[in-house]
Asker: 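Have a look at this one.
Numbering starts at 1 and runs along the sequence shown. Both counts, for ligands and for their atoms, begin at 1 and track the order of listing.
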Amino acid sequence: MNSLENLKIRGLKAEDLDAIVKIDEKVLGENRKDYWERKLKSMNNKSSQISLVAEVEGEVVGFILGDVSGWEFGVPETVGWVDTIGVEPGFQKKGVATALAHELIKNLKAIGVKTIYTLVSWNDWDLLQFFHAMGFTRGDMINLELRI
Ligand SMILES: CC(C)(COP(=O)(O)OP(=O)(O)OC[C@H]1O[C@@H](n2cnc3c(N)ncnc32)[C@H](O)[C@@H]1OP(=O)(O)O)[C@@H](O)C(=O)NCCC(=O)NCCS
C-alpha cells in the first residue's frame, strides 16, 4: 500500500456535501445530489460527529458515515453502524479508507460501543475485501427481504 503522508481525518461538515456528491458520482457513475442532501440533513448532531472525511491538502478525498443505535433489531447494547464509505477513485488503495475506519472505530469505542455492524451487497467485492481487511466477519444476524 502506497500510503499518504499528508492525510487528515476530520469530522464531516454540512459544507462537505458537494465533495461527497462528486466522489459518489465518480464511484457509482450517477449524480445523487438530492439523495445526499436529504441524507446529510437527516443525520443528527451525534452521528454527524461520528461521520468523518479524509482530506489531502484541503481536498476531500473520502468519507465514512457512522451511526450509533440502542435497542433496534433486539440488539441488547449500544452498537455502531458503518452506513457508507467512499474514496475518490484516484486516491484508492492508499490507506484512506483504513484511516477513516480506524478513526471511526476509535470514536465509537470512546462512547462505549462494543460491536459495529455494516451491510454490504454480495456483489460489492471491493467493499467486502476492505471490510474483511479491517477484521469484520460474518455476524449472527441475517438479512431478510420480501419483494413486493
Ligand atoms: C472499498 C473502498 C472504500 C476502499 O478504499 P481504499 O481507500 O482504497 O482502501 P484502503 O487503501 O484503505 O485498503 C485497505 C485494504 O482493503 C482491501 N481493499 C481495498 N480496496 C480493495 C479492492 N478494490 N480490491 C481488493 N481489496 C481491496 C485491501 O486488503 C487493502 O489493503 P492493501 O492495499 O494493503 O491490499 C473504496 O474502494 C471505495 O470507495 N469503493 C466504492 C465503495 C462504494 O460503492 N461506496 C458507496 C458510494 S461512494
Asker: Counting N and O atoms only, with roles assigned by atom type, does the side chain of Ser51 sit under 3.5 Å from a partner on the main chain of Leu12, one being a donor and the other an acceptor?
Answerer: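 The answer is no, because no donor-acceptor pair under 3.5 Å joins these two groups.
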
Asker: If the cut-off is 4.0 Å to any non-hydrogen atom of Gly86, which atoms of ligand 1 fall inside it?
Answerer: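 This gives 39 (O), 48 (S) as the contact atoms.
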
Asker: Is any N or O atom of Phe63, backbone or side chain, closer than 3.5 Å to an N or O atom of ligand 1?
Answerer: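 Looking only at distances, the answer is no, because the N/O contact criterion of under 3.5 Å is not met.
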
Asker: Tell me every residue that passes salt bridge (charged side-chain N to carboxylate O under 4.0 Å, His left out) with Lys39, counting only those two or more places apart in sequence or in another chain.
Answerer: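 With sequence neighbours excluded, Lys39 shows a salt bridge (charged side-chain N to carboxylate O under 4.0 Å, His left out) to Asp83, given in chain and number order.
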
Asker: Hey, is Ile23 one of the residues with a heavy atom under 4.0 angstrom from ligand 1?
Answerer: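 No, Ile23 has no heavy atoms under 4.0 Å from ligand 1.
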
Asker: Judged by atom type as modelled, is there a donor-acceptor pair below 3.5 Å linking the side chain of Asp16 to the main-chain atoms of Lys13?
Answerer: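 Checking the backbone N and O of Lys13 against the side chain of Asp16, a donor-acceptor pair under 3.5 Å is found.
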
Asker: As a check for students: among Gln129, Glu25, Lys93, identify the option with a heavy atom nearest to atom 20 (N) of ligand 1.
Answerer: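 The nearest heavy atom belongs to Lys93.
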
Asker: So, taking the atom named CD in Glu25 and the one named CG in Asp18, what distance separates them when rounded to the nearest 0.5 Å?
Answerer: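 Rounded to the nearest 0.5 Å, the CD-CG separation comes to 11.0 Å.
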
Asker: For ligand 1, which atoms, with element, lie under 4.0 Å from some heavy atom of Thr98?
Answerer: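 Counting atoms of ligand 1 from 1, those under 4.0 Å from Thr98 are 10 (P), 12 (O), 13 (O), 14 (C).
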
Asker: Hey, any chance Tyr35 and Ile23 share a hydrophobic cluster, counting ILVMFWY side chains that come within less than 4.5 Å of each other, even indirectly?
Answerer: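 Yes, Tyr35 and Ile23 fall within the same hydrophobic cluster.
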
Asker: Out of the candidates Ile116, Thr137, Thr118, only one should pair with Phe131 under the side chain to side chain contact (heavy atoms under 4.5 Å, CB included) rule; please name it.
Answerer: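 It is Thr118; the other options fail the test.
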
Asker: Does Leu128 share a hydrophobic cluster with Val87, counting links as ILVMFWY side-chain heavy atoms below 4.5 Å and allowing steps through other members?
Answerer: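 Per the 4.5 Å side-chain linkage, Leu128 and Val87 are co-clustered.
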
Asker: Using a 4.0 Å cutoff against the non-hydrogen atoms of Val27, which atoms of ligand 1 qualify?
Answerer: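 Close to Val27: 41 (C), 43 (C), 44 (O).
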
Asker: What pairs meet the salt bridge (Lys or Arg N to Asp or Glu O under 4.0 Å) rule with one or both residues in residues 114-134, with sequence neighbours excluded?
Answerer: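 For residues 114-134: none.
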
Asker: Quick one: does Lys94 get an N or O within less than 3.5 Å of an N or O on ligand 1?
Answerer: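 Yes, Lys94 has an N/O under 3.5 Å of an N/O on ligand 1.
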
Asker: Consider every N or O of Leu28 and every N or O of ligand 1, then say whether any pair is closer than 3.5 Å.
Answerer: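 Such a contact does not occur with ligand 1.
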
Asker: Does Ala97 approach ligand 1 within less than 4.0 angstrom via side chain, backbone, both or neither, non-hydrogen atoms only?
Answerer: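 It is both backbone and side chain that touch ligand 1.
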
Asker: Would you say Arg32 and ligand 1 have an N/O pair spaced under 3.5 Å apart?
Answerer: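 Not met; the criterion fails.
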
Asker: Any atoms of ligand 1 less than 4.0 Å from a non-hydrogen atom of Val96? List them with their elements.
Answerer: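 Near Val96, the atoms of ligand 1 are 7 (O), 12 (O).
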
Asker: Counting both backbone and side chain atoms, is some N or O of Gly95 under 3.5 Å from an N or O of ligand 1?
Answerer: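 N/O-N/O distance under 3.5 Å: yes.
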
Asker: State the atoms of ligand 1, each with its element, that fall below the 4.0 Å cut-off from a heavy-atom position in Asp24.
Answerer: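 It comes down to these atoms of ligand 1: 47 (C), 48 (S).
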
Asker: Classify the ring geometry between Tyr117 and Trp81 as parallel (under 30°), tilted (30 to 60°) or perpendicular (over 60°).
Answerer: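 Correct class here is tilted.
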
